[in-house]
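Naming: A, B, ... by sequence-line order, numbering from 1 per chain. Keep in mind that the numbers below use all heavy atoms, side chains included, and drop hydrogens, waters and symmetry copies. Everything numeric here is computed off the predicted structure, so don't read it as measured data.
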There are 2 protein chains.
Amino acid sequence: MSPSIKDVAERAGVSVGTVSNVLNHPERVADSTRAAVQAAISALGFVRNSSAAQLRAGTSRSIGLIVLDMANPFFHDVARGAEDVADELGYAVVLCNSDDQPSRENRYLQVLEEQRVRGVLITPIEVGSERLDALRRRGTPTVLVDRHDPRVNCCSVAVDDVVGGELAGAHLLGLGHERILYLTGPLGLRQCADRLTGLRQAVAAAGLDPGEVIDVVEERAMNARTAHDAARARFADDRATTAVFCANDLMALGVLRAALNTGRRVPDDLAIVGYDDIEFAADAAVPLTSIRQPTQQIGRAAAQLLVEECDHPETHAHQQVMFKPELVIRDSTTRE
Amino acid sequence: MSPSIKDVAERAGVSVGTVSNVLNHPERVADSTRAAVQAAISALGFVRNSSAAQLRAGTSRSIGLIVLDMANPFFHDVARGAEDVADELGYAVVLCNSDDQPSRENRYLQVLEEQRVRGVLITPIEVGSERLDALRRRGTPTVLVDRHDPRVNCCSVAVDDVVGGELAGAHLLGLGHERILYLTGPLGLRQCADRLTGLRQAVAAAGLDPGEVIDVVEERAMNARTAHDAARARFADDRATTAVFCANDLMALGVLRAALNTGRRVPDDLAIVGYDDIEFAADAAVPLTSIRQPTQQIGRAAAQLLVEECDHPETHAHQQVMFKPELVIRDSTTRE
DNA sequence: GCCACTGTGTGAAACGTTTCATGCCGACAC
DNA sequence: GTGTCGGCATGAAACGTTTCACACAGTGGC
């Protein structure tokens with residue numbers, strides 16, 4: 001159907017080996033021959049068949065990246081970082097979106113394996129699944145993104161959520177708040193639980209009793225609407241709480257709307273801290289103080305570790321990289 | 001390295017042809033043989049090499065999707081819709097992000113061609129580029145997403161932006177506004193220009209003079225910050241304008257913040273209409289009236305057209321599908 | 001004039017599948 | 001017993017590359 005290397009060879013009057021050399025090792029071919037082959041290639045509109053190339057070569061220069069949710073800016077930035085690094089190092093990235101569904105995760109792992117990718121970057125739905133172990137056993141390096149493997153039999157890159165909670169807590173305590181509400185998603189998520197741990201540590205470090213200072217409200221969904229409703233219900237008869245720490249920015253924005261709609265001034269009556277520092281945080285009705293994660297860095301680091309393991313499997317030692325988050329102060333906690 | 005079909009055949013004591021049949025035509029194989037082969041497959045951890053399969057088969061069941069910007073929720077939804085349909089029809093989608101850079105678009109087109117994808121869905125950076133025509137000439141069907149080809153030599157799916165502008169205009173005029181500001185990105189973008197055209201049509205249809213009613217402010221960037229600054233500058237000494245129509249929701253959110261910060265009530269002093277109906281529009285400080293595009297539908301329709309052309313190239317006739325947008329009324333224009 | 005060498009090109013093997021013509025075997029009809 | 005047929009399995013060819021051992025022809029040293 002489409003022209004093959006053989007057609008090109010015939011037209012240029014050379015052997016197939018020579019055409020292949022023009023494609024892959026141009027320096028081995030005399031200038032005149034190379035020109036003739038190039039001419040034949042463009043005349044025929046030849047495009048290399050990568051299936052054949054990869055079959056013969058036995059190995060591909062591509063890695064897979066499976067994320068939980070491409071709609072989440074966090075993963076979008078991670079992907080961007082990983083792509084940039086992979087590109088520099090001569091690898092292509094195959095992007096897959098598991099959408100938090102085990103069936104999709106499985107299907108993509110299968111596809112990536114069939115394509116013989118060199119390695120896989122993944123935020124697994126469940127850490128320590130048999131499927132992933134099997135992949136590793138068969139010799140495909142994997143790196144966990146935003147997760148850690150307690151058994152440490154692969155590399156991983158994550159952000160220290162305990163520190164994030166501490167930063168938020170210390171900031172609010174420093175502003176004089178004595179009743180802090182932690183509005184969170186399911187505490188079964190490590191992320192949410194760790195942030196609470198950090199918050200408690202900050203309170204304890206200030207010489208206060210976490211049990212007295214912190215109040216936890218756990219919601220199932222982590223979006224603005226849920227948070228808005230929860231905040232409204234809560235604030236109907238509560239004037240003691242002067243600060244809210246939310247497990248993500250969407251929830252913080254919901255709380256902000258609830259506060260403004262019930263006539264509270266932010267930050268004077270209520271201080272709000274979010275998490276993630278999403279793009280819109282700075283542009284909210286009251287710009288949001290938030291905890292920023294080095295998202296692109298996560299992707300970059302993960303890709304680097306993976307490529308390192310792919311290229312030097314024998315000397316490679318697994319690492320657990322842990323980034324520190326950063327506090328970004330805006331008007332929702334303090335006006336300068 | 002990893003076990004091949006041959007290893008499986010040896011271990012199961014059958015020929016390679018039989019193993020292949022177990023994989024692709026299980027019904028042609030006797031139950032007992034099939035079981036033996038399956039056992040060998042799992043014992044060895046065999047995974048089919050898709051390069052070899054595709055090379056032999058000569059054709060793949062995958063299509064490429066090249067979008068401008070995965071960070072934009074619009075394209076995210078389009079991708080989702082396309083993936084769903086492709087999946088139902090037995091095609092896999094290879095997702096590529098051109099990031100508005102011609103070099104990346106070119107590279108991905110090259111990669112997709114080398115992989116011999118059956119077809120390509122693309123929002124091209126430039127309509128009518130030679131590269132895309134060449135691809136089509138070589139027999140790879142393409143469908144334009146959110147773009148139209150004036151020469152109509154391929155299918156396309158887009159949304160009618162003129163109607164979107166009309167909807168916004170008619171809504172604001174119906175509320176009694178007589179001075180409307182259109183805050184837009186570059187009018188060189190068809191999207192932005194068409195929305196203005198629609199707005200003018202609505203004004204004319206109401207028997208008014210577009211030149212008197214509409215005021216256009218064109219900014220280079222279409223984000224919240226730019227819009228916020230533009231709105232602030234504008235409103236410093238302008239009380240005549242009572243309504244703003246923004247070319248996207250991010251700009252509308254910027255205007256909203258500027259309005260609230262300068263003490264205007266929304267919608268009483270200023271009505272605001274956005275465009276795109278992004279997820280956060282409903283959760284803004286004042287929920288935003290916006291124009292919703294059937295984003296997932298766009299992706300679904302595009303994938304359907306493409307697969308149709310791939311599967312029945314001879315009977316296929318190119319179509320230009322044009323969806324109608326929809327007005328979503330919220331508090332930023334009228335309180336019920 | 002011979003040797004070694006370099007630069008360039010050749011041709012065949014191999015990669016792991018799928019497909020297809022062929023063959024084997026037992027069952028059933030006559 | 002012969003002929004036919006269906007169900008299953010086989011083995012080889014083919015897909016389009018890359019690689020590698022080899023060949024060939026100049027070149028320069030001696």
Backbone N/O of B:Ser103 and side chain of B:Asn106: donor-acceptor pair under 3.5 Å: no
Sugar-phosphate, base or nothing in reach of B:Gly58, heavy atoms under 4.0 Å: nothing
Intermediate values then yes/no, salt bridge (Lys or Arg N to Asp or Glu O under 4.0 Å), A:Glu126 and A:Arg131: CA-CA 10 Å; A:Glu126 181 199 350; A:Arg131 191 82 176 73; over 6 Å; no
Test item: B:Thr123 side-chain N/O and B:Asp146 main-chain N/O as donor-acceptor pair under 3.5 Å: no
Sugar-phosphate only, base, or nothing, as touched by B:Ser4 at under 4.0 Å among non-hydrogen atoms: sugar-phosphate
Donor + acceptor pair across side chains of A:Arg48, B:Gln110 (<3.5 Å): no
Sugar-phosphate only, base, or nothing, as touched by B:Ala57 at under 4.0 Å among non-hydrogen atoms: nothing
Check ion pair A:Arg118-A:Glu309 (N to O, under 4.0 angstrom): no
Contact nearer the 5' end of DNA chain D, comparing A:Ser20 with B:Ala52: B:Ala52
Short side-chain N/O contact to C:dG11 OP1/OP2 from A:Ser15, under 4.0 Å: no
5'-most by nearest nucleotide on DNA chain D - A:Val19 or B:Arg56: B:Arg56
Residues touching DNA chain D, which here means a heavy atom under 4.0 Å, drawn from residues 23-43 of chain A: A:Asn24, A:His25
A:Ser60 side chain to A:Arg116 backbone, donor-acceptor under 3.5 Å: yes
Exercise: identify the closest heavy-atom pair between B:Val127 and B:Arg147: CG2-CD, 3.9 Å
Note, B:Ile298 side chain near B:Val145 side chain (heavy atom, < 4.5 Å): yes
Overall bend - the helix from C:dG1-D:dC30 to C:dC30-D:dG1, comparing terminal axes fitted on five pairs, nearest 10 degrees: 50°
Heavy-atom closest contact (B:Asp276 atom, B:Gln293 atom, distance): OD1-NE2, 3.0 Å
Heavy atoms of other groups near B:Glu279 CD, more than 12 under 6.0 Å: no
B:Arg11 side chain vs B:Ala40 backbone, donor-acceptor pair below 3.5 Å: no
Start and end of the DNA chain D segment that chain B contacts, any atom under 4.0 Å from a heavy atom: D:dC8 to D:dG16
